[in-house]
2 protein chains.
Amino acid sequence: MQRQLSTHLYRHLQREFGLSGSDYEILVNLSEAPTGRMRAFELGEATDWEKSRMSHHLTRMAQRGLVRREPCAEDTRYADIVLTDEGRAAIAEAAPYHAANVRAWFIDAVGKERLEVLEDASEAVLVALAEHDARAEHG
Amino acid sequence: MQRQLSTHLYRHLQREFGLSGSDYEILVNLSEAPTGRMRAFELGEATDWEKSRMSHHLTRMAQRGLVRREPCAEDTRYADIVLTDEGRAAIAEAAPYHAANVRAWFIDAVGKERLEVLEDASEAVLVALAEHDARAEHG
DNA sequence: ACGCGCAGGTTGACGCATCATCCAGATTTG
DNA sequence: CAAATCTGGATGATGCGTCAACCTGCGCGT
């Protein structure tokens with residue numbers, strides 16, 4: 001089910017707006033940032049991606065003109081990521097439709113009560129994984 | 001959560017047994033087939049993959065010696081996919097550990113009651129997607 | 001003051017997934 | 001019977017994600 005849902009969601013984004021799910025995630029985070037600029041590792045925390053994935057993806061998005069790397073004052077060696085006008089336009093156009101799809105296909109289909117159960121279940125799985133990691137580290 | 005769980009599951013398979021999640025899925029299906037041989041499109045139905053993904057993946061698995069394409073009696077133009085000894089050994093070794101991980105990290109963590117709710121929810125999402133597809137086709 | 005570790009980030013190689021396109025043989029249709 | 005169509009499948013190009021290796025300054029210990 002998860003696969004089918006993601007496939008539908010991302011296919012829609014791709015066909016209607018030329019954005020991948022990953023593009024969308026980055027653009028949303030950037031557009032929600034008050035200053036409109038973030039460091040790569042902040043995006044990493046927000047999206048929970050590996051740093052190398054982030055770097056590769058930002059490179060590709062920069063080539064398509066959605067995003068720009070801009071030298072960051074105060075921290076010589078690193079760069080800020082900033083939305084281009086094009087990037088801002090893309091997310092503004094896509095977001096309402098994507099949100100509507102998520103609501104129709106997932107949130108409404110699942111319903112409020114089951115959604116709460118699902119949140120608890122997710123939490124429980126994450127706890128189980130964290131416990132396993134903890135054991136692996138010092139075991 | 002779904003991403004974290006899959007990552008853990010597949011990382012374990014990869015590191016301990018050198019198998020990807022996709023490899024595993026194919027091997028399980030083949031090893032469960034009474035005759036030990038299946039046509040590619042049967043595997044496609046069982047896994048719900050696109051045909052081109054199947055073809056590419058079988059090519060890679062064949063190169064690694066897990067699987068073999070064997071001309072199929074009765075149906076000249078197509079080929080059966082058969083497990084090699086190596087493939088059978090790989091799945092026999094990996095399956096118990098993988099199943100244990102799925103149980104510990106997912107099934108037990110979620111618990112029986114929540115699991116049932118989750119099944120209903122999945123079903124509801126699939127219905128919503130199917131309805132959308134139906135509308136799109138003749139609309 | 002200097003060396004060294006480390007956090008943030010980049011790069012290259014590789015495997016994987018999708019799309020579009022093509023192919024052969026079988027089946028329908030005119 | 002011939003032409004269009006359908007089915008099962010292969011292939012090439014391209015984008016994505018991971019791993020391993022590497023680079024670069026900052027900060028810490030001595």
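For clarity, every value in this text was computed on a predicted model and none was experimentally measured. Because only heavy atoms are used, hydrogens play no part in the values below, and waters and symmetry mates are left out as well, while side chains stay in.
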Participant: Which sits closer to the 5' end of DNA chain D, A/Gln14 or B/Ser52, going by the nucleotide each is nearest to?
Facilitator: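 Per heavy-atom nearest nucleotide, the more 5' residue is B/Ser52.
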Participant: For C/dG9, does either OP1 or OP2 sit under 4.0 Å from a side-chain N or O belonging to A/Arg39?
Facilitator: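 Checking C/dG9 against A/Arg39, a side-chain N or O does come within under 4.0 Å of OP1 or OP2.
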Participant: Can a side-chain donor-acceptor contact be found between B/Arg60 and B/His57 if the only test is distance below 3.5 angstrom?
Facilitator: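 There is such a pair (donor and acceptor under 3.5 Å, judged by atom type) between the side chains of B/His57 and B/Arg60.
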Participant: Applying the 5.5 Å / 30° rule, does B/His56 stack onto the base of C/dC16?
Facilitator: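 Not stacked: fails the 5.5 Å / 30° test.
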Participant: Side chains of A/Asp133 and B/His8: any donor to acceptor distance under 3.5 Å?
Facilitator: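 Indeed, the side chains of B/His8 and A/Asp133 share at least one donor-acceptor pair under 3.5 Å.
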Participant: Please report, rounded to the nearest Å, how far the P atom of D/dC6 is from the NZ atom of B/Lys51.
Facilitator: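 So the NZ-P distance, B/Lys51 to D/dC6, works out to 13 Å.
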Participant: Within the structure, does a side-chain N or O atom of B/Ser20 lie under 4.0 Å from either OP1 or OP2 of C/dG15?
Facilitator: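 No, because none of the side-chain N or O atoms of B/Ser20 sits under 4.0 Å from OP1 or OP2 of C/dG15.
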Participant: Return the value, rounded to whole Å, for the distance between atom CD of A/Glu50 and atom C1' of C/dG15.
Facilitator: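 Computing the A/Glu50:CD to C/dG15:C1' distance gives 15 Å.
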Participant: Is the phosphate of D/dG25 approached by A/Arg77 (side-chain N or O, under 4.0 Å from OP1 or OP2)?
Facilitator: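 Indeed not, no polar side-chain atom of A/Arg77 lies that close.
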Participant: Heavy atoms under 4.0 Å, any strand shown: does B/Arg3 hit a base, just sugar-phosphate, or nothing?
Facilitator: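 No contact.
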Participant: With the threshold set at 4.0 Å, does a side-chain nitrogen-carboxylate oxygen contact exist between B/Arg11 and A/Glu50?
Facilitator: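 A/Glu50 and B/Arg11: salt-bridged.
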Participant: Select one nucleotide: of C/dC16, C/dG8, C/dT10, the one nearest the side-chain heavy atoms of A/Arg69.
Facilitator: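 So the nucleotide nearest the side chain must be C/dT10.
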Participant: CE of A/Met38 versus C1' of C/dG9: gap in Å, rounded?
Facilitator: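 One finds 16 Å between C1' of C/dG9 and CE of A/Met38, rounded.
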Participant: Starting from C1' on D/dG8, measure out to CZ on B/Arg53 and report it in whole angstrom.
Facilitator: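 From B/Arg53 CZ to D/dG8 C1': 18 Å.
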Participant: What class does the angle between the rings of A/His12 and A/Phe17 fall in, given that below 30° is parallel, 30 to 60° is tilted and above 60° is perpendicular?
Facilitator: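 The rings of A/His12 and A/Phe17 stand perpendicular, inter-plane angle above 60°.
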Participant: Would you please confirm or rule out a distance under 4.0 Å between OP1 or OP2 of C/dC19 and any side-chain N or O of A/Arg11?
Facilitator: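 The answer is yes; a side-chain N or O of A/Arg11 sits under 4.0 Å from OP1 or OP2.
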Participant: In this structure, would A/Val82 and A/Val67 fall into the same cluster of hydrophobic residues linked by side-chain contacts under 4.5 Å?
Facilitator: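 No; A/Val67 is not reachable from A/Val82 via cluster members.
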Participant: Separation of A/Glu42 atom CD from C/dA7 atom P, in whole Å?
Facilitator: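 Rounded to whole Å, this separation is 17 Å.
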Participant: Please report the distance, rounded to the nearest Å, between CE in B/Met54 and P in C/dT18.
Facilitator: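 Distance check: B/Met54 CE to C/dT18 P gives 11 Å.
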Participant: Can you measure B/Gln4 atom CD to D/dT18 atom P for me and round it to whole angstrom units?
Facilitator: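 Distance check: B/Gln4 CD to D/dT18 P gives 11 Å.
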Participant: Let me know the distance between CG of B/Leu13 and P of D/dC19, rounded to the nearest Å.
Facilitator: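 To the nearest whole Å, that distance equals 13 Å.
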Participant: Counting just side-chain N and O atoms, does B/Arg60 come under 4.0 Å of either OP1 or OP2 of C/dC16?
Facilitator: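 Answer is yes, contact under 4.0 Å.
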Participant: Check whether any side-chain N or O of B/Ser22 sits under 4.0 Å from OP1 or OP2 of C/dA17, and answer yes or no.
Facilitator: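 Answer yes for this pair, as a side-chain N or O of B/Ser22 is under 4.0 Å from OP1 or OP2.
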